[in-house]
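As structure tokens, the structure follows; a few thoughts come after it.
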Amino acid sequence: MQTLPTLTISNTASSEATFDTTIKRRKTRPVRVGNVTIGGSFPVVVQSMINEDTLDIDGSVAGIRRLHEIGCEIVRVTVPSMAHAKALAEIKQKLIKIYQDVPIVADVHHNGMKIALEVAKHIEKVRINPGLYVFEKPNANRSEFTKTEFDEIGEKVRETLEPLVVSLRDQGKSMRIGVNHGSLAERMLFTYGDTPEGMVESALEFIRICESLDFHNLVISMKASRVPVMVAAYRLMAKRMDELGMDYPLHLGVTEAGDGEYGRIKSTAGIATLLADGIGDTIRVSLTEAPEKEIPVCYSILQALGLRKTMVEYVACPSCGRTLFNLEEVLHKVREATKHLTGLDIAVMGCIVNGPGEMADADYGYVGKTPGYISLYRGREEIKKVPEDKGVEELINLIKADDRWVEP
């Protein structure tokens with residue numbers, strides 16, 4: 001993975017401040033999910049969720065396969081009933097038979113102990129929502145929870161969770177404790193309010209039960225549909241875990257982000273902010289679109305932060321009056337010709353003013369220096385000047401000459 005060099009800045013007093021431009025991820029324990037590992041020193045894992053009904057065996061298998069083929073490393077499916085849980089066994093078997101084994105997470109919600117115990121036999125990871133796993137209908141007449149009432153429900157939570165924890169522990173499988181801001185348990189709302197603190201305490205209650213049963217294959221999420229709440233909840237969760245000596249990986253996501261440009265921006269605002277802080281080991285971008293649309297956004301976020309390099313990095317100026325060719329059109333041509341290459345940095349610059357400096361870290365440069373001609377660079381070195389209409393062709397030839405070209 002290419003990273004930028006350490007930056008040193010001197011002020012007028014000649015003292016130096018050194019800024020490290022690499023992200024230092026929070027240290028977490030590795031948690032295995034089938035053949036994928038979340039946390040530890042492993043790359044940030046990309047996840048998504050199929051939208052097919054799990055009772056549709058063939059449709060679910062096809063949906064999981066489509067996601068996996070484009071880079072989704074763990075796929076989640078919803079399991080709202082025992083019939084769905086049993087269908088998941090067939091999905092897993094068929095997937096292995098006609099494609100390959102893909103790590104699957106089963107999403108279990110309302111009063112889901114029996115369902116969770118069934119799916120734990122068939123897949124690698126179970127996701128539970130603490131606010132719904134032991135679900136009690138809110139009491140409209142309630143004004144408070146006494147400590148006794150709070151503890152009594154806590155004991156019921158433990159009794160309900162323990163069989164699942166023991167099953168997953170004994171099979172070497174994993175669990176995601178997935179707290180959602182919009183579905184906190186009533187007693188957490190009364191005790192802590194509709195706050196990030198309530199979300200954190202909800203997760204910690206479930207973590208402590210797991211730890212008391214010697215189960216540590218946990219991944220934690222603190223999702224919210226509002227970015228400031230989501231960011232605050234994850235930061236507080238990381239802080240509390242650090243204080244308590246817990247090192248569980250965090251699954252990042254802005255839930256119900258919507259669709260289109262705003263959905264992507266909203267997800268990026270939350271996920272990238274935390275990743276830049278070093279918080280987060282696996283991500284999902286939740287769009288109201290086909291699940292396949294989520295994967296490119298995930299990889300773009302990770303690539304932009306230098307956390308994974310899965311595509312060409314294009315450096316291009318925004319264009320101005322100095323630009324010597326149609327920058328938007330040329331960038332499109334360069335991208336179409338080279339987008340299948342992995343791990344290269346290619347700069348497309350409209351003029352020489354900022355070109356060499358701004359593209360200093362690029363592997364190859366495509367620069368307008370004189371009207372009608374393109375200067376091609378390898379790193380900082382100008383290699384040749386070619387007619388504009390031959391620019392893309394000659395860029396490809398240069399990459400081929402360096403033995404860095406692969407056919408699409």
Side-chain angles (χ1 to χ4, degrees), residues 1-4 6-7 19-31 33 36-49 71-74 76 105 127 176-181 196 199-200 203 218-242 246-258 261-287 293-311 313-314 343 345 361:
M1 181 187 301
Q2 183 177 6
T3 57
L4 297 176
T6 300
L7 175 66
F19 298 90
D20 191 344
T21 60
T22 59
I23 291 172
K24 297 292 188 294
R25 287 172 59 194
R26 174 177 167 265
K27 187 176 181 180
T28 57
R29 67 171 55 232
V31 174
V33 184
V36 173
T37 302
I38 298 172
S41 59
F42 290 85
V44 177
V45 173
V46 172
Q47 300 195 35
S48 185
M49 184 176 187
C72 180
E73 293 158 305
I74 298 176
R76 184 155 53 111
V105 182
R127 182 266 171 141
R176 171 153 71 96
I177 298 173
V179 179
N180 271 14
H181 181 238
M199 297 171 69
V200 169
L218 301 173
V219 178
I220 317 299
S221 65
M222 313 292 294
K223 294 188 178 182
S225 58
R226 290 181 54 226
V227 171
V229 174
M230 173 261 196
V231 169
Y234 277 105
R235 284 176 171 165
L236 181 58
M237 189 73 221
K239 180 175 182 289
R240 292 286 285 125
M241 284 200 291
D242 289 345
M246 298 174 177
D247 58 356
Y248 301 110
L250 289 169
H251 170 122
L252 305 185
V254 178
T255 191
E256 300 151 353
E261 182 181 41
Y262 185 65
R264 287 160 172 77
I265 292 172
K266 188 174 180 180
S267 289
T268 302
I271 293 171
T273 297
L274 291 162
L275 288 174
D277 283 348
I279 296 171
D281 303 277
T282 179
I283 66 173
R284 188 231 170 152
V285 170
S286 300
L287 298 177
K293 299 289 185 68
E294 298 177 357
I295 308 306
V297 187
C298 291
Y299 278 115
S300 293
I301 292 171
L302 296 175
Q303 173 119 351
L305 291 169
L307 290 170
R308 293 189 74 162
K309 193 146 191 176
T310 57
M311 62 189 87
E313 181 84 12
Y314 295 98
D345 289 0
D361 294 299

Quiz item: Are the charged groups of R76 and E294 less than 4.0 angstrom apart, N to O?
Solution: no
Query - SB check D281 R25 (cutoff 4.0 Å) - result: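 So D281 pairs with R25 through a salt bridge.
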I need the minimum non-hydrogen distance between [X] and [Y], along with the two atoms involved.
X    : Y    : value
V229 : A224 : CG1-CB, 3.8 Å
A269 : V227 : C-CG1, 4.2 Å
S48  : C72  : N-SG, 3.3 Å
Y299 : G71  : OH-O, 2.7 Å
D361 : D345 : O-OD2, 3.7 Å
V179 : A203 : CG2-CB, 3.7 Å

Residue set satisfying side-chain hydrogen bond (donor to acceptor under 3.5 Å, both in side chains) with R226, at least two apart, ordered chain then number -> none
What is the distance from atom [atom1] of [X] to atom [atom2] of [Y], rounded to the nearest 0.5 Å?
X    : Y    : atom1 : atom2 : value
I38  : T282 : CD1   : OG1   : 4.5 Å
T37  : I74  : OG1   : CD1   : 9.0 Å
L275 : I301 : CG    : CD1   : 7.5 Å
E73  : I295 : CD    : CD1   : 8.5 Å

| field | Partner set under salt bridge (charged side-chain N to carboxylate O under 4.0 Å, His left out) for R176, not counting sequence neighbours | value |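 Once residues adjacent in sequence are excluded, R176 has no partner under the salt bridge (charged side-chain N to carboxylate O under 4.0 Å, His left out) criterion.
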Applying salt bridge (charged side-chain N to carboxylate O under 4.0 Å, His left out) to K27 and not counting sequence neighbours gives none
Pairs under 3.5 angstrom only: tabulate donor-acceptor contacts from the side chains of residues 246-253 to other protein residues two or more places apart or in another chain.
unit_1	atom_1	unit_2	atom_2	d
D247	OD1	R29	NE	2.9
D247	OD1	R29	NH2	3.4
Y248	OH	E211	OE2	2.6
Y248	OH	H216	ND1	3.1
H251	ND1	Q47	NE2	3.4
H251	NE2	K223	NZ	3.3

**OP:** Run the numbers on L302 and I283 for side-chain contact (heavy atoms from CB on, under 4.5 Å), then give the verdict.
**Re:** CA-CA 9 Å; L302 296 175; I283 66 173; 4.0 Å; yes
_R26 vs L274, test: side-chain contact (heavy atoms from CB on, under 4.5 Å). Steps then yes/no._
CA-CA 11 Å; R26 174 177 167 265; L274 291 162; over 6 Å; no
Do any pairs count as a salt bridge (charged side-chain N to carboxylate O under 4.0 Å, His left out) and have a residue in residues 264-276, sequence neighbours left out, and if so which ones?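 Output for this query lists R264-E289.
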Exercise for review: Please tell me if the side chains of P196 and Y234 come closer than 4.5 Å, counting only heavy atoms from C-beta onward.
Suggested key: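 P196 vs Y234: side chains apart.
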Tell me whether R127 contacts the main-chain N or O of G178 through its side chain, where contact means a donor paired with an acceptor under 3.5 Å.
yes
| field | Set of residues satisfying side-chain contact (heavy atoms from CB on, under 4.5 Å) with respect to Q303, sequence neighbours excluded | value |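 For Q303 the side-chain contact (heavy atoms from CB on, under 4.5 Å) partners, ignoring immediate neighbours, are K309, T310, M311, E313.
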Please evaluate residues M230 and I271 with respect to the criterion side-chain contact (heavy atoms from CB on, under 4.5 Å), reporting the C-alpha separation (whole Å), side-chain torsions for both, the decisive distance (0.1 Å), and the verdict.
CA-CA 9 Å; M230 173 261 196; I271 293 171; 4.3 Å; yes
Margin query: Show, in sequence, the C-alpha distance, side-chain angles and deciding distance for V297 and T268, and conclude whether the side-chain contact (heavy atoms from CB on, under 4.5 Å) test is met.
Written below: CA-CA 8 Å; V297 187; T268 302; 4.3 Å; yes
